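One structure is given here, and the rest of the page talks about it.
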Amino acid sequence: MSADTASLDFHPLRTDLYQELHSRPFQIIPPHARVTQIAVITTPEQRTRQFEHLQKLHRLLGEPWPEQEVSCYEESFGQLRVRREVHMEFTAYTFINLAESDADPFEETGLSLLPKGWLAQLEGTVVGAFHVEVRSSSEDARSELAFMRKHFEGMRLVGSSPQEGAARILGSFQLHSDNFGRFMVLNRHMSNSQLGRLVQRLMEIETYRLMSLLALPVAREITPSLNDMDQQLARITQSLADNESLNEQEILAELTNIAARIEAYRAHTTFRFSATRAYHRLVLTRLEELREDEVSGHLTMTEFMTRRLTPAVKTCEAVNDRLEDLSRRVDRASEMMRTRVELAIESQNQQLLSSMDRRSRIQLMMQHTVEGFSVVAISYYLIGLLRLVLDAATGAGLNLNKPLIVGLAIPAVMVLVFIGIRVIHHRFIRMARRQ
């Protein structure tokens, strides 16, 4: 690195970003090979044990084993080639048997050279397992088709001539007596690299097809519950539209229960439905890359997938859209119900305020009445005090006309007490208005 570039601040992931485009290179496959791929769904714990299991394969074959796991690992053991690809939710194992053999198709497979008992200990749940027989093509297309058909146990076949007739592919997209799927590829004039890319696309189509269909049983399972919730929600909405007398607490509890069930379904299915869409797009992309031509009397793989796979994916998308629609409808019904409850509460509050206003007026009138009695009572006590003062003064020798003084004092005291009470009353009113 030159002095000018050595001081540059390179992103720490720069090397990984470059390597990512080359992490899963296409394989090079000769015109005669037997390929088996097994796709296994794994948990993180199982994935760790899978790598240990791969190390065990190297020990059984007397070869050095890898120390660190990578997203795509490939190694050759003589005539056996092993490839392990780690994806987001599954791991794909590809076994390629390159040994020369005169055996009929599918009598020997990519698994034939594996140590006995090793495959049985593979961790995870197998979702895709199929054989691909790769052979050179003859010039006689009719006899070639007859040769290929007899090795698929009488099942209906799907086939095409991809890459402008450079090869021929037949497959059943079904399980055969060995519990594996089968494909046969007859090479006409492809190079080993082109043949490797063709086989890789074929294996990806089958694996992604199966992964995309994992959501279909889930969609079928929850559809009856969605039907019930849909009818339940329609009944509640109609009751609200008809302005019926309802028990708001029961309706809100019912809506809350529906919303909780919908959210539980969404949590359970969101990833699966999203993965289905992604896998389906990958299948369509790989089919476009094949550039298929029709083989007389057979559906092409693109036609087969469009007719069978696409409706299944659309079913999953429809169920997912229905979940979203139900969630929005429940929110709207809950909002209407809350509005109805709030209006009822506001009406009750208004009635309560009116009742409080009436009670306040009554209390005010009672207060005025009490104020009149208070003037008399306070005046009475003040006059009583005045008599005590006059008695004290008379006892001290003063000559006072007590009856006259008391008689004149009574109206004066009453007027002063009344004015004092009114002043205090108005002061409290001003304080209340300022607040």
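No experiment lies behind these values; they were computed from the predicted model shown.
- Here the straight-line distance linking atom CD1 of Ile28 with atom CD of Gln194 works out to 11.5 Å at 0.5 Å rounding.
- Within the 4.5 Å cutoff, no side-chain heavy atoms of Arg84 are placed close to those of Val82.
- When the ring pair (Phe, Tyr, Trp, His ring centres under 6.0 Å) test is applied to Phe271, no partner is found at least two apart in sequence or on another chain.
- The CG atom of Asp293 sits 9.5 Å away from atom CD of Gln163, with the distance rounded to the nearest 0.5 Å.
- Residues His176 and His131 have side chains not in contact (no heavy-atom distance under 4.5 Å, counting atoms from C-beta outward).
- With sequence neighbours left out, the salt bridge (Lys or Arg N to Asp or Glu O under 4.0 Å) criterion links Glu317 to Lys314.
- Ile41 places a side-chain heavy atom less than 4.5 Å from the side chain of Leu214.
- Atom-to-atom distance recorded for Glu75:CD and Leu61:CG is 10.0 Å, nearest 0.5 angstrom.
- Using the six-membered ring where Trp is involved, Trp118 and His53 have ring planes that are parallel, under 30° apart on the 30 and 60° scheme.
- Across all non-hydrogen atoms, the minimal contact from Ser136 to Leu186 is O-CD2, 4.2 Å.
- Partners of Glu289 by salt bridge (Lys or Arg N to Asp or Glu O under 4.0 Å), not counting sequence neighbours, listed by chain and number: Arg201.
- With sequence neighbours excluded, the residues that form a side chain to side chain contact (heavy atoms under 4.5 Å, CB included) with Thr315 are Leu216.
- Ring geometry, Phe90 versus Tyr208: the interplanar angle exceeds 60°, so the pair is classed perpendicular (tilted spans 30 to 60°).
- Note on ring orientation: taking the six-membered ring where Trp is involved, the planes of Phe152 and Phe106 are perpendicular (angle over 60°, cut-offs 30° and 60°).
- Checked against ring pair (Phe, Tyr, Trp, His ring centres under 6.0 Å), Phe51 has no partners two or more places apart in sequence or in another chain.
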Evaluate the criterion side chain to side chain contact (heavy atoms under 4.5 Å, CB included) for residue pair Arg261 and Arg266; output intermediate values, then yes/no.
CA-CA 9 Å; Arg261 292 170 63 191; Arg266 290 175 66 185; over 6 Å; no
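- The pair Glu153-Arg182 counts as a salt bridge, with a side-chain nitrogen and a carboxylate oxygen less than 4.0 angstrom apart.
- Under the side chain to side chain contact (heavy atoms under 4.5 Å, CB included) criterion, Val218 pairs with His268, Thr269, not counting sequence neighbours.
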